[in-house]
Amino acid sequence: MMNELIICSGFGGQGVMSMGQILAYSGMIEKKEVSWLPSYGPEMRGGTANCSVIISDTSIASPVITNNATTAIVMNLPSLKKFENSLVKDGILLINSSLINQDPLRKDIKYFKIPANQLAVEFCSNVKVANMIMIGSYLELTKQLSKESILQGFLKIFGEKKANLLSINEEALKVGADYVKQNYSTK
């Protein structure tokens, strides 16, 4: 049974809100119950922005995630510090190790260091797809959503006017998944 409670967090401008929206739309496309709750404010001007995404097989009573996140995707150090303790025991923490040079303090979670910015530049020649590299890593680790529904979610968010960016984002998903396959056991 699927009941994913995901926190996406990073600096404003890293595509954190888009990441959450894409995950939520992907869940809808796969006929799941979903919620997406953004956190706006001064974060949009360079602070830590975040959103909560719930994807479930059952009805969602509340969109709020407190200390029960199953996954946190953190794109910067302030996000790691803020959301590490929001994970459940054995929760998954995806760390953008291009910008975060420390390990989490908790020992009861599973964490994965993904150099998303570096991979985005090296393989896609565009740092703006670092968020999609993180989604690709998430897909490989959890097997909860399909790449096809993520790409459909991308088109839902950005529309046909950005359809020309679909191929680079598909490549970014593959880069993220391949990085996990090569560096972590996903069995």
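Not measured: the values here are computed from a predicted model. The first residue in the sequence is number 1, and the count goes up from there.
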Chemist: Can you tell me how far apart OG (Ser9) and NZ (Lys81) are? Round to the nearest 0.5 Å.
Modeler: 13.5 Å
Chemist: Looking at side-chain heavy atoms only, is the closest gap between Ile114 and Tyr184 below 4.5 Å?
Modeler: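 A side-chain contact under 4.5 Å exists here.
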Chemist: Met19 versus Gln14: any side-chain heavy-atom pair under 4.5 Å?
Modeler: no
Chemist: State plainly whether one hydrophobic cluster holds both Leu141 and Ile133, where clusters connect Ile, Leu, Val, Met, Phe, Trp and Tyr through side-chain heavy atoms under 4.5 angstrom apart.
Modeler: yes
Chemist: Hey, what do you get for OG (Ser56) to CG (Asn3), rounding to the nearest 0.5 Å?
Modeler: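 Rounded to the nearest 0.5 Å, the OG-CG separation comes to 4.0 Å.
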Chemist: Looking at Leu105 and Glu84, what are the two nearest heavy atoms and their distance?
Modeler: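 What the structure gives for the nearest pair is N-OE2, 2.6 Å.
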Chemist: What distance separates Asp57 CG from Lys31 NZ, expressed to the nearest 0.5 Å?
Modeler: 14.0 Å
Chemist: Does Thr70 use its side chain to pair, donor to acceptor, with the backbone of Leu5 at less than 3.5 Å?
Modeler: yes
Chemist: Using the salt bridge (charged side-chain N to carboxylate O under 4.0 Å, His left out) rule, collect all pairs that involve residues 66-77, keeping only residues at least two apart or in two chains.
Modeler: none
Chemist: Less than 4.5 Å apart, any side-chain heavy atom of Val53 and any of Ile55?
Modeler: yes
Chemist: Nearest 0.5 Å please: distance from the CD atom of Gln144 over to the CE atom of Met2.
Modeler: 4.5 Å
Chemist: Please check: side-chain N/O of Asp90 versus main-chain N/O of Ile109, any donor-acceptor pairing under 3.5 Å?
Modeler: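 Looks like no, no N/O pair under 3.5 Å.
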Chemist: Any non-hydrogen side-chain atom of Ile22 less than 4.5 Å from a side-chain atom of Trp36?
Modeler: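 Result no, sub-4.5 Å side-chain heavy-atom pair not found.
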Chemist: Under 4.5 Å between any side-chain heavy atoms of Ile135 and Leu139, yes or no?
Modeler: yes
Chemist: If I compare all heavy atoms of Ser39 with all of Met17, which pair ends up nearest, and what's the gap?
Modeler: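 Nearest pair, atom of Ser39 first, then Met17: O-CE, 3.3 Å.
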Chemist: I need the minimum non-hydrogen distance between Gly10 and Ser79, along with the two atoms involved.
Modeler: N-OG, 3.2 Å
Chemist: Test side chain to side chain contact (heavy atoms under 4.5 Å, CB included) on Ile54 and Ile65; report intermediate values, then the result.
Modeler: CA-CA 8 Å; Ile54 301 176; Ile65 299 174; 4.0 Å; yes
Chemist: Sub-3.5 Å donor-acceptor pair from the side chain of Lys143 to the main-chain atoms of Glu140, do we have one?
Modeler: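 Yes.
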Chemist: Quick one: side chains of residues 149-157, donor-acceptor pairs under 3.5 Å with protein atoms, not counting sequence neighbours, listed by atom name and distance.
Modeler:
from   : atom 1 : to     : atom 2 : distance (Å)
Ser149 : OG     : Ser26  : OG     : 2.4
Ser149 : OG     : Glu30  : OE2    : 2.5
Ser149 : OG     : Ser146 : O      : 3.0
Ser149 : OG     : Ser146 : OG     : 3.2

Chemist: What residue pairs, at least two apart or across chains, pass salt bridge (charged side-chain N to carboxylate O under 4.0 Å, His left out) with a residue in residues 3-23?
Modeler: none
Chemist: Which heavy atom in Pro104 sits nearest to a heavy atom in Ile95, and how many Å separate them?
Modeler: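 Taking every non-hydrogen atom into account, CD-CD1, 3.7 Å.
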Chemist: Flag the pair Val16 / Asn131 as yes when at least one side-chain heavy-atom distance between them is below 4.5 Å, and no otherwise.
Modeler: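 A side-chain contact is absent here, since even the closest heavy-atom pair is not under 4.5 Å.
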Chemist: Rounded to the nearest 0.5 Å, how far does NZ of Lys147 lie from CG of Leu145?
Modeler: 14.0 Å
Chemist: Tell me, do Ile7 and Ile73 make a side-chain contact under 4.5 Å, heavy atoms counted?
Modeler: no
Chemist: Write down the atom of Ala116, the atom of Ser98, and the distance for their closest heavy-atom approach.
Modeler: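 In terms of heavy atoms, the two residues are closest at N-OG, 3.5 Å.
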Chemist: Treat each ILVMFWY residue as a node, draw an edge where side-chain heavy atoms are under 4.5 Å apart, and state whether Ile100 and Tyr111 are in one component.
Modeler: yes
Chemist: Is Met75 reachable from Val180 through a run of I, L, V, M, F, W or Y residues, each pair having side-chain heavy atoms under 4.5 Å apart?
Modeler: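 Yes.
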Chemist: Please output the side-chain donor-acceptor pairs of residues 117-128 that fall under 3.5 Å, not counting sequence neighbours, one pair per line with the distance.
Modeler:
from   : atom 1 : to     : atom 2 : distance (Å)
Asn117 : OD1    : Asn96  : ND2    : 2.7
Asn126 : OD1    : Lys128 : N      : 2.9

Chemist: Please report the C-alpha distance between Phe158 and Leu165 in whole Å, then the side-chain angles of each, then the deciding distance to 0.1 Å, and finally whether the side chain to side chain contact (heavy atoms under 4.5 Å, CB included) criterion is met.
Modeler: CA-CA 9 Å; Phe158 295 106; Leu165 300 174; over 6 Å; no
Chemist: Could you work out, with side chain to side chain contact (heavy atoms under 4.5 Å, CB included) as the rule, every residue matching Val64, not counting sequence neighbours?
Modeler: Leu37, Ser62, Thr66
Chemist: What salt bridge (charged side-chain N to carboxylate O under 4.0 Å, His left out) pairs are there with at least one residue in residues 97-110, not counting sequence neighbours?
Modeler: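 Those involving residues 97-110 are Asp103-Lys113, Arg106-Asp108.
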Chemist: Determine whether Val129 and Tyr25 fall in the same hydrophobic cluster, where Ile, Leu, Val, Met, Phe, Trp and Tyr are linked whenever their side-chain heavy atoms lie under 4.5 Å apart.
Modeler: yes
Chemist: Going through the checks in order, is the side chain to side chain contact (heavy atoms under 4.5 Å, CB included) test met by Asp178 and Val175?
Modeler: CA-CA 5 Å; Asp178 288 349; Val175 168; 5.8 Å; no
Chemist: Roughly how far, to the nearest 0.5 Å, is the CD1 atom of Ile92 from the OG1 atom of Thr71?
Modeler: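 If we round to the nearest 0.5 Å, Thr71:OG1 and Ile92:CD1 are 4.5 Å apart.
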Chemist: Is there a path of hydrophobic side-chain contacts, each under 4.5 Å between heavy atoms of I, L, V, M, F, W or Y residues, that connects Val74 with Leu23?
Modeler: no
Chemist: Are Ile6 and Cys51 packed together at the side-chain level, in the sense that at least one heavy-atom pair is separated by less than 4.5 angstrom?
Modeler: no
Chemist: Specify the closest pair of heavy atoms between Pro63 and Ser52, including all atoms of both residues, with the distance to one decimal.
Modeler: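 Minimum heavy-atom separation between Pro63 and Ser52: O-CB, 4.0 Å.
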Chemist: Please answer whether the main-chain N or O of Tyr138 pairs with a side-chain N or O of Thr142 as donor and acceptor at a distance below 3.5 Å.
Modeler: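 Indeed, once roles are kept as given, a pair shorter than 3.5 Å links the two residues.
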Chemist: Between Asn68 and Ser86, does the side chain to side chain contact (heavy atoms under 4.5 Å, CB included) criterion hold? Intermediate values first, please.
Modeler: CA-CA 6 Å; Asn68 59 340; Ser86 297; over 6 Å; no
